[in-house]
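Order of appearance sets the numbers: ligands from 1, and atoms from 1 within every ligand. We're numbering straight along the sequence, starting at 1.
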Amino acid sequence: MSAAVTLIEVSPRDGFQSVVPIIPVADKVAIIRALSQAGLKHIEVGAFVHPKAIPQMADINQLLVELRRGDDNCDSFESIVLVPNQRGAVLAAQQQCQRVNFVFSVSEAHNLKNVRKSVDQSLQELRAVQQVIEKNPQMQLRVSLATSFDCPFAGAVDPQRCLDVLAQVTDICVNVQIALCDTTGRAHPFKVEQLFSKAFEQLDNSHQVIFHCHDTYGMAIANVAAAYRSGVRFFDTAVAGFGGCPFAPGASGNVATEDVVYFFESAGISTGIDSEKLRLAIQLAEKIEGAQLGGAIRLLNRN
Ligand code: COA
Ligand code: ZN
């Protein structure tokens with residue numbers, strides 16, 4: 001197993017979605033470019049969701065056009081878009097997106113609030129998304145299991161429940177990326193290690209396993225370490241700890257990209273990211289009106 005890790009930048013989707021003032025497309029493009037130039041090779045740039053559910057994502061078509069238009073076009077990174085249903089996947093295919101991130105929750109209560117479906121209905125939707133992928137071979141699939149550890153409405157999630165849902169996902173799709181998500185940021189490192197260890201026992205190695213975490217209880221870096229020890233090599237991160245979630249009240253931002261880079265690089269584990277170049281993206285994030293930021297390293301770097 002490789003020691004190196006791959007970071008997937010999610011601030012332009014998971015971070016921006018809870019910012020109330022609409023961020024100009026040009027500002028989104030600038031931060032995405034800065035992230036790409038710092039070495040991020042996978043960036044979740046937005047979502048095909050109902051504009052009333054997440055107004056900040058309503059500009060996705062324009063954003064994709066602008067990203068393609070630039071001097072350094074978005075060929076330098078894989079652009080990922082979140083979709084909650086087949087409709088979203090069709091819209092993404094029309095825009096020649098490279099990867100769709102189909103999200104649903106392990107917890108019924110959160111799934112109903114977030115995408116207005118039961119878990120069974122979302123699994124049905126995943127089958128439909130899989131068909132869209134089969135018709136569009138340039139597009140790849142990622143499946144994210146939100147609330148894998150904890151639900152903002154129902155509390156701690158039984159690990160077996162998560163593993164059962166995971167088994168249903170892998171019955172539907174082979175050879176996909178799968179993320180287990182600590183949506184509320186309330187997971188504990190011991191539980192993270194336990195769940196990923198069991199997930200790896202259950203999965204064959206055709207799947208890339210991702211850990212997506214938030215830092216509500218300040219455990220995010222410890223949780224990243226626990227996931228790494230269990231064998232995870234792909235991590236969602238957000239520059240400047242950008243975040244919050246409109247459907248997870250009280251959750252703070254994702255684990256900060258720069259903190260994760262520091263954590264791994266200090267141990268000689270390559271992330272492929274240039275911390276100096278990442279500073280521009282941090283500065284741009286700090287300028288965004290209404291941004292909720294987190295992370296530790298950026299505060300040390302200020303003077
Ligand atoms: N993108 C844009 N519009 C969509 C859509 C999508 N992916 N899926 C459905 N719609 C539209 C339908 O076309 C329909 O439009 P109309 O009223 O003009 O006819 C309308 O939404 C209602 O369709 P329906 O299938 O009944 O959806 P819904 O009202 O039950 O909403 C979701 C379901 C999933 C579309 C909505 O809850 C949503 O976008 N949630 C996003 C959640 C999210 O991003 N959370 C944070 C990330 S985890
Ligand atoms: Zn999240």
Side-chain angles (χ1 to χ4, degrees), residues 7-20 44-64 80-95 97 100-107 109-119 121-126 128-129 132 142-153 179-187 210-217 219-220 223-224 227 234-239 241-257 260 292 294:
L7 305 194
I8 301 160
E9 175 67 37
V10 296
S11 59
R13 198 279 304 168
D14 209 359
F16 291 179
Q17 70 179 6
S18 49
V19 176
V20 176
E44 193 176 46
V45 297
F48 283 99
V49 293
H50 197 288
K52 280 200 186 129
I54 312 276
Q56 189 63 258
M57 296 292 116
D59 59 8
I60 182 67
N61 285 314
Q62 197 196 341
L63 177 67
L64 289 166
I80 305 159
V81 288
L82 179 145
V83 303
N85 55 15
Q86 181 191 31
R87 174 89 204 276
V90 169
L91 294 171
Q94 284 167 1
Q95 288 293 335
C97 289
V100 292
N101 176 14
F102 176 76
V103 178
F104 73 105
S105 307
V106 169
S107 141
H110 188 260
N111 208 47
L112 273 177
K113 269 257 174 11
N114 195 28
V115 297
R116 294 160 49 96
K117 286 188 171 52
S118 68
V119 171
Q121 285 170 326
S122 278
L123 285 162
Q124 204 49 46
E125 205 69 48
L126 174 59
V129 169
V132 177
R142 158 180 166 156
V143 181
S144 291
L145 301 187
T147 65
S148 282
F149 300 85
D150 178 80
C151 166
F153 311 110
L180 301 187
C181 307
D182 177 19
T183 306
T184 60
R186 300 198 295 221
I210 301 162
F211 181 40
H212 173 106
C213 68
H214 289 253
D215 199 25
T216 312
Y217 282 3
M219 293 282 140
N223 286 337
V224 164
F234 296 83
F235 297 88
D236 281 357
T237 65
V239 71
F242 222 116
C245 171
F247 297 97
S252 70
N254 291 94
V255 65
T257 305
V260 176
Q292 288 176 50

Exercise. Atom 43 (C) of ligand 1: which protein heavy atom is closest, and how many Å away?
Worked result: Asn114 OD1, 3.5 Å
For this session: Specify side chain, backbone, both or neither for Met57, according to which of its non-hydrogen atoms lie closer than 4.0 Å to ligand 1.
Result: neither
Exercise. Okay, side chain of Asn111, backbone of Ser105: is any donor-acceptor separation there less than 3.5 Å?
Worked result: yes
Exercise. Is there side-chain contact between Leu91 and Gln95, with at least one heavy-atom pair below 4.5 Å?
Worked result: no
Problem set entry | Is_contact(atom 24 (P) of ligand 1), protein non-hydrogen, under 4.0 Å | no
For this session: Specify whether the nearest protein heavy atom to atom 40 (N) of ligand 1 is under 4.0 angstrom away.
Result: yes
For this session: Give a yes/no answer: is there an N/O/S atom of His212 under 2.8 Å from the Zn ion (ligand 2)?
Result: yes
Exercise. Within a distance of under 4.0 Å, is there any protein heavy atom near atom 29 (O) of ligand 1?
Worked result: yes
For this session: Could you tell me whether the side chain of Gln86 and the main chain of Glu125 form a donor-acceptor pair under 3.5 Å?
Result: no
Exercise. Considering only protein heavy atoms, which is closest to atom 38 (C) of ligand 1, and at what distance to one decimal place?
Worked result: Ala53 CB, 3.6 Å
Problem set entry | Partner of Glu9 under side chain to side chain contact (heavy atoms under 4.5 Å, CB included), chosen from Thr257, Asn254, Asp236 | Thr257
For this session: Look at atom 8 (N) of ligand 1 and find which of Val83, Val90, Asn85, Leu82 reaches it with the closest heavy atom.
Result: Asn85
Seminar exercise, completed: The protein heavy atom nearest to atom 11 (C) of ligand 1 is His50 CD2, 3.5 Å
Problem set entry | Ligand-residue contact atoms, ligand 1 with Gly88, heavy atoms, under 4.0 Å | 7 (N)
Problem set entry | Protein contact to atom 2 (C) of ligand 1 [nearest heavy atom, distance to 0.1 Å] | Val49 O, 3.4 Å
Exercise. Is a side-chain donor or acceptor of Asp215 paired with a backbone partner of Val255 at a separation under 3.5 angstrom?
Worked result: no
Exercise. Is there a side-chain contact between Thr184 and Phe149, using heavy atoms and a 4.5 Å cut-off?
Worked result: no
Exercise. Can you tell if the side chain of Val45 reaches within under 4.5 Å of the side chain of Leu64, non-hydrogen atoms only?
Worked result: yes
Exercise. What atoms of ligand 1 come closer than 4.0 angstrom to any heavy atom of Arg13?
Worked result: 47 (C)
For this session: Have a look at His212 and tell me which of Val103, Asp14, Asn101 forms a side chain to side chain contact (heavy atoms under 4.5 Å, CB included) with it.
Result: Asp14
Exercise. Is the closest protein non-hydrogen atom to atom 16 (P) of ligand 1 under 4.0 Å?
Worked result: no
Seminar exercise, completed: For atom 33 (C) of ligand 1, the closest protein heavy atom turns out to be Val115 O, 3.7 Å
For this session: Check whether any side-chain heavy atom of Phe104 lies under 4.5 Å from a side-chain heavy atom of Leu145, and answer yes or no.
Result: yes
Exercise. Under 4.0 Å from atom 48 (S) of ligand 1, do we find at least one protein heavy atom?
Worked result: yes
Exercise. Is the Zn ion (ligand 2) under 2.8 Å from any N, O or S atom of His214?
Worked result: yes
For this session: Keeping the roles fixed (side chain from His214, backbone from Ser252), state whether a donor-acceptor pair exists under 3.5 Å.
Result: yes
For this session: Give a yes/no verdict on a cation-pi contact between Lys113 and Phe153, requiring under 6.0 Å between NZ or CZ and the six-membered ring centre and an angle within 45° of the axis.
Result: yes
Problem set entry | Cys151 side chain reached by Val106 side chain, heavy atoms, under 4.5 Å | no
Exercise. For ligand 1, which atoms sit closer than 4.0 Å to a heavy atom of Arg116?
Worked result: 28 (P), 29 (O), 30 (O), 31 (O), 37 (O)
Exercise. For ligand 1, which atoms sit closer than 4.0 Å to a heavy atom of Phe48?
Worked result: 1 (N), 6 (C), 7 (N)
For this session: Distance to 0.1 Å, residue and atom name: give those for the protein heavy atom nearest to atom 4 (C) of ligand 1.
Result: Arg87 NH1, 3.7 Å
For this session: Could you tell me whether the Zn ion (ligand 2) has an N, O or S atom of Asp14 under 2.8 Å away?
Result: yes
Problem set entry | atom 21 (O) of ligand 1: any protein heavy atom closer than 4.0 Å | yes
Exercise. So, for Arg13 and Met57, which heavy atoms are closest and what is the spacing to 0.1 Å?
Worked result: O-CE, 3.9 Å
